[in-house]
Amino acid sequence: MTASLSAAGRLPAAASNRAAALRRAWPVLDLPVLVAAVVTTGMPGWPTAGYTAAALAVLAAGRLTRTRLRPHIATRLAGAVIAAWSPVVLLSPWLAPGAVLPLAVRVCVALVAFRLVADTVLRSLHRGGRLLEPALVIGGGVAGHELVAALRRHPESGLRPARRVGDVGAAWSSPARAVLCCPAVEHEARRLREHGFDVWLAVAPDDRAVPRLGAEKIGGVVLVPLGAGTHEVTKRVFDLVVGTALLMLAAPVLVVLAALVAYRTGPPVLFSQVRVTGQGRRARILKLRTLPVHADADTRWAVPVEGCGRLCRWLRETHLDELTQLINVLRGELSLVGPRPERPYFVRRFETALPHYRDRQRMPAGITGWAQVNGLHGDTSIAERARFDNAYIDHWSLRLDVLILLRTLGPRRLPRGGAR
């Protein structure tokens with residue numbers, strides 16, 4: 001069922017095209033600012049062009065050129081610092097030592113000043129009703145009305161509600177460039193993203209499943225952008241670089257822990273088990289053995305913890321028994337961060353019982369994940385785990401992976417009778 005807004009809420013296609021063109025023009029607008037900042041340092045020759053190209057590439061690669069709904073000074077400053085200093089590191093052998101600091105400082109100041117001025121001008125235009133993009137609001141009820149009202153009260157967001165529909169099926173004929181969805185339709189929102197829509201989700205304040213990185217707040221309504229999808233090459237490179245560093249740091253610890261396990265429980269030191277690791281793939285996952293061998297390990301949900309000694313219980317509580325899975329990461333069988341790998345027997349059961357459980361296999365499984373750091377491990381709700389896993393995949397970014405890894409460093413106690 002479709003509930004159209006008033007005619008005043010609709011925008012002509014030309015206005016939408018101008019707004020979209022401006023959003024895509026940010027990298028081009030950055031170029032003269034970078035060139036001006038570099039040229040004023042007096043650096044001649046190819047280092048000038050090399051530095052400018054590298055800085056522009058860093059901005060584009062980090063999606064720091066993307067127009068936010070309501071830009072923050074911290075985001076602008078961070079982007080400027082990264083864009084200014086990254087090329088310096090790469091080109092330092094060809095740059096005069098005395099030119100490095102003035103160059104980086106000038107580029108930082110130029111980028112921040114340009115973005116602040118541009119954002120101020122753009123917000124002023126938005127308040128006057130110019131360069132607004134029409135937003136298709138999906139989801140009826142109170143949430144939909146609140147979202148429409150918030151967008152109308154805050155035109156500086158750059159969006160104007162052009163139409164509101166109750167389901168995704170009515171969205172395809174809409175001319176809107178941006179789409180705002182209520183959480184009830186977030187699974188359908190993936191289809192919109194696949195068809196080229198820029199999707200933002202309206203998130204309830206108490207909903208912990210959706211990561212808040214990149215969130216915007218408009219009139220009390222929290223909006224979170226749906227990610228552009230997983231960049232498999234980027235994630236794999238991140239896994240190789242960080243995984244190798246972590247394994248080198250963990251190697252001495254693993255040797256000591258393996259020796260302690262062998263001394264306290266005897267061989268075998270390692271426990272291996274076949275798990276589904278995403279996209280229908282299976283791999284044999286490695287862990288330090290912390291429990292006695294039992295015959296039904298592949299089909300028994302709650303493992304027998306009664307025979308677990310003090311050392312093994314500590315290993316399970318701190319998850320240090322899973323450090324050996326860094327080897328699986330380097331082999332390409334696991335990622336550092338992702339949905340938890342599960343035994344094939346339970347994957348078949350959960351896929352039958354839970355409609356969106358299969359969706360979590362869109363990404364390779366990981367040693368740690370968004371569900372785990374939010375306490376969903378051991379004998380906890382599988383439906384909630386799947387919801388957190390799918391939210392992680394929908395909103396994936398390298399920043400989110402780094403955040404999850406940092407949160408994993410804190411020890412978490414495994415519930416009694418937890419799953420292996």
Side-chain angles (χ1 to χ4, degrees), residues 9 11 16 19-20 22-26 59 62-80 112 115-139 142-164 176-186 189-190 192-193 196-229 370 391-400 403:
L11 288 179
S16 174
L22 179 62
R23 183 175 59 186
R24 292 192 296 267
W26 277 116
L59 283 170
R63 288 187 283 184
L64 299 172
T65 53
R66 177 180 178 176
T67 303
R68 296 175 61 92
L69 295 182
R70 303 184 73 176
H72 303 292
I73 181 59
T75 302
R76 297 304 189 209
L77 182 59
V112 171
R115 285 304 179 86
L116 287 178
V117 171
D119 290 338
T120 301
V121 172
L122 193 57
R123 282 197 298 270
S124 178
L125 292 172
H126 289 337
R127 291 191 188 97
R130 298 181 181 180
L131 295 179
L132 296 177
E133 291 193 67
L136 175 67
V137 178
I138 300 177
V142 176
H145 286 292
E146 289 180 351
L147 188 52
V148 169
L151 290 175
R152 283 176 169 168
R153 291 195 308 269
H154 298 278
E156 67 273 12
S157 68
L159 299 177
R160 176 180 292 175
R163 195 170 174 225
R164 183 164 65 88
R177 299 285 179 168
V179 180
L180 298 155
C181 303
C182 294
V185 292
E186 64 183 67
R190 297 175 200 150
L192 292 171
R193 184 186 62 193
F197 283 79
D198 183 17
V199 184
W200 292 72
L201 300 181
V203 181
D206 58 347
D207 188 354
R208 297 186 302 116
V210 179
R212 301 300 177 93
L213 291 178
E216 306 281 358
K217 194 170 183 180
I218 300 178
V221 179
V222 178
L223 302 178
V224 180
L226 202 66
W370 184 238
Y392 161 75
I393 297 172
D394 289 338
H395 300 275
W396 177 84
S397 68
L398 281 183
R399 287 177 58 201
L400 183 56
L403 173 64

**Student:** Kindly say whether V210 contributes a backbone atom to a donor-acceptor pair with the side chain of H395 at under 3.5 angstrom?
**Tutor:**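 Such a contact is absent between H395 side chain and V210 backbone.
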**Student:** Tell me the closest heavy-atom pair linking E156 and R123, and the distance in Å.
**Tutor:**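 Where E156 meets R123 most closely, the heavy atoms are O-CG, 4.2 Å.
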**Student:** Any side-chain to backbone donor/acceptor pair from H145 onto A149? Under 3.5 Å, distance only.
**Tutor:**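 Judged by distance alone, no pair lies under 3.5 Å.
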**Student:** Quick one: closest heavy-atom pair of V224 and P211, and the distance?
**Tutor:**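 Result for this residue pair: CG1-O, 3.4 Å.
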**Student:** In the structure I gave you, are the side-chain heavy atoms of V203 and R212 within less than 4.5 Å of one another anywhere?
**Tutor:**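 Sidechains of R212 and V203: in contact.
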**Student:** If we only count heavy atoms from C-beta on, is the V199 to P225 side-chain gap below 4.5 Å?
**Tutor:**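 Answer no - side chains too far apart.
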**Student:** The test is side-chain contact (heavy atoms from CB on, under 4.5 Å); show your working for L223 and L201 and say whether it passes.
**Tutor:** CA-CA 5 Å; L223 302 178; L201 300 181; over 6 Å; no
**Student:** For the NE2 atom of H154 and the CG atom of L159, what is their distance to the nearest 0.5 Å?
**Tutor:**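 Atom-to-atom, H154:NE2 and L159:CG are 12.5 Å apart.
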**Student:** Keeping T120 on the side-chain end and L116 on the backbone end, is there a donor-acceptor pair under 3.5 Å?
**Tutor:**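 It does hold such a pair.
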**Student:** Checking W370 side chain against A391 main chain: does a donor-acceptor pair fall under 3.5 Å?
**Tutor:**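 Absent.
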**Student:** For a 4.5 angstrom cut-off between non-hydrogen side-chain atoms, does P155 reach R160?
**Tutor:**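 With C-beta onward as the side chain, the pair stays apart.
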**Student:** Shortest non-hydrogen contact from L122 to L131?
**Tutor:**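 Heavy atoms of L122 and L131 come nearest at CD1-CD1, 4.1 Å.
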**Student:** Between H126 and S157, which heavy-atom pair has the shortest distance, and what is it?
**Tutor:**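 That closest heavy-atom pairing would be CD2-C, 4.5 Å.
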